[in-house]
Amino acid sequence: MHVQSIIDEINQLGEEILKKKKQLAELRKEVPEQEVENYRFRNRDEEEVTLSELFDDKNELIVIHNMGVGCNYCTLWADGFNGVYHHLIERAAFVVSTPDEPGVQEDVAAERGWKFPMVSTKGTTFKEDMGYAKDGYNHPGVSTFRKDAAGKIYHYAHTPLGPGDDFCSVWHLFDLLPGGPADFKPRRKINRETSLQLTNNIAIQVNDYEKAVQFYEETIGMKVEKDLGDETRLSFNGMNFFMERSDGNQVFFEFATDEFDEMKAQLLEKGCEITKEYSEKSVMMADPYGMKFHLFESSNQ
């Protein structure tokens, strides 16, 4: 009987929490929305993109305030958003903003397999104005926006992110364990076997360049993200495909590592060769079996 009374209390409390959440959502609607400026950010290609453009074809937008590459917890939250991104964009536009440079963002996104768009807020007052940068420190959170027919943008709602919130499922699952979250701290590495992390970038060299791009766009259904003349970046289910004009036909994949010198030495010892060197921490390699890949030092350390 005592056990049943505890279960009844658990069920009752759960119903009360759901009711309170609905009340919270309704209460947020009573806060007057605030018109905001059309902030200017930088995307992965170092190009300027405005807040208005982030809405894409929607009139509502969700912006995640990520603290950047130095925060493992923000990476954990972003991994979760990545899994439901294709659902989120059915309802509203979704973007993750960080204070990192676009190049750092691109490396981390490729290593994690993130599908969502990212923008750099570096050099803007966006995070400060939204309440997520104070006294020189960035803080994690969510802001939502609305754009009206005249193109004016309004800040609708916001809430902080942190362990135990409604935006990261792992904490609620841990709460169901006998030991709870214990001393859990998120790891950054996905692959635990070596320091290598496979990215979501694939390069394809083709000798019939224009027809290849047309085929993968029109027949396969890839999206053309950027045309660079002799190279076109396409995307498909979160993968980035770089179609390159070439005399031959080759496919390259990519590894990131936080132990570049050690891993390069190990690969060379095992028979790999460096075919092109971009910098001290970025090389193209060929293995002894016909495959080629890019190896670079990860920004995600």
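As a basis for the values below, the full set of heavy atoms in this structure was taken, side chains included, without hydrogen atoms, waters or symmetry mates.
Taking 4.0 Å as the cut-off between side-chain N and carboxylate O, Arg91 and Glu60 count as a salt-bridged pair. Salt-bridge formation is not detected for the pair Asp227/Arg233: no Lys NZ or Arg NE/NH1/NH2 atom is positioned less than 4.0 Å from an Asp or Glu carboxylate oxygen. A salt bridge links Lys29 to Glu26: one of the charged nitrogens lies within less than 4.0 Å of a carboxylate oxygen. With respect to Arg42 and Glu101, a salt bridge is recorded, a charged nitrogen being found less than 4.0 Å from a carboxylate O.
The distance from atom CG of Asn138 to atom NE2 of His65, rounded to the nearest 0.5 Å, is 10.5 Å.
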Taking only distance into account, with no hydrogens and no angle test, what donor-acceptor pairs under 3.5 Å do side-chain atoms of residues 167-182 form with protein atoms, sequence neighbours excluded?
unit_1, atom_1, unit_2, atom_2, d
His172, NE2, Asp165, O, 2.6

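Remark: Tyr278 engages His294 in a ring pair (Phe, Tyr, Trp, His ring centres under 6.0 Å) (not counting sequence neighbours).
Annotation: cation-pi pair Arg146/Tyr154 present, NZ/CZ under 6.0 Å from the ring centroid and within 45° of its normal.
Here the side chains of Phe81 and Ile64 are in contact, with some heavy-atom distance below 4.5 Å. Looking only at side-chain heavy atoms (C-beta outward), Arg112 and Thr75 come within less than 4.5 Å of each other. Between Ile274 and Leu268 the shortest side-chain heavy-atom distance falls below 4.5 Å. Looking only at side-chain heavy atoms (C-beta outward), Val36 and Met130 come within less than 4.5 Å of each other. Contact of the Leu295 side chain with the Leu267 side chain is registered, since non-hydrogen atoms from C-beta on lie closer than 4.5 Å.
Here the side chain of Thr50 pairs a donor or acceptor atom with the backbone of Glu53 at under 3.5 angstrom. Between the side chain of Asp287 and the main chain of Gly290, a donor-acceptor pair closer than 3.5 Å is present. With Asp56 contributing its side chain and Ala93 its backbone, the two residues share no donor-acceptor pair below 3.5 Å. A donor-acceptor pair is defined here as one N or O able to donate and one able to accept, closer than 3.5 Å; no such pair exists between the side chain of Asn66 and the backbone of Val96. For the pair Lys147 (side chain) and Ser52 (backbone), a donor-acceptor distance under 3.5 Å is present.
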task = Evaluate salt bridge (Lys or Arg N to Asp or Glu O under 4.0 Å) for Arg245 paired with Glu210, printing each intermediate quantity in order.
result = CA-CA 8 Å; Arg245 188 190 306 274; Glu210 285 81 7; 2.9 Å; yes
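Judged as a ring-ring contact (aromatic ring centres under 6.0 Å, His included), not a single pair has a partner in residues 198-220 (not counting sequence neighbours).
Close placement of the Phe145 and His155 rings is indicated, their centers lying within 6.0 Å of each other. Taking the ring centroids of Phe252 and Phe293, they lie at or beyond the 6.0 Å cut-off.
Checking Asp247 against Asn207 by side-chain atom types alone, no donor-acceptor pair falls below 3.5 Å. Side-chain N/O atoms of Thr232 and Lys226 include no donor and acceptor closer than 3.5 Å. Glu254 and Asn201 form a side-chain donor-acceptor contact under 3.5 Å, judged by distance and modelled atom types alone. No hydrogens or angles considered: a donor-acceptor pair under 3.5 Å links the side chains of Thr257 and Ser195. Between the side chains of Ser246 and Asn249, no donor N or O sits under 3.5 Å from an acceptor N or O. Gln12 and Asp8 share no side-chain donor-acceptor pair at under 3.5 Å. A donor-acceptor contact closer than 3.5 angstrom links the side chains of Ser298 and Glu111.
Taking every heavy atom of both residues into account, Leu51 and Asn38 meet most closely at N-OD1, 3.2 Å.
When the shell of 6.0 Å around NZ of Lys58 is examined, it contains more than 12 heavy atoms from other residues, nucleotides or ligands. The 12-atom threshold is exceeded at CD of Gln23, counting heavy atoms of other residues, nucleotides or ligands nearer than 6.0 Å. Within a 6.0 Å radius of CD in Glu280, other residues, nucleotides and ligands contribute 12 heavy atoms or fewer. Around atom NZ of Lys281, more than 12 heavy atoms belonging to other residues, nucleotides or ligands sit under 6.0 Å away.
Linking Ile, Leu, Val, Met, Phe, Trp and Tyr residues whenever their side-chain heavy atoms come within less than 4.5 Å leaves Met284 and Ile202 in two separate clusters.
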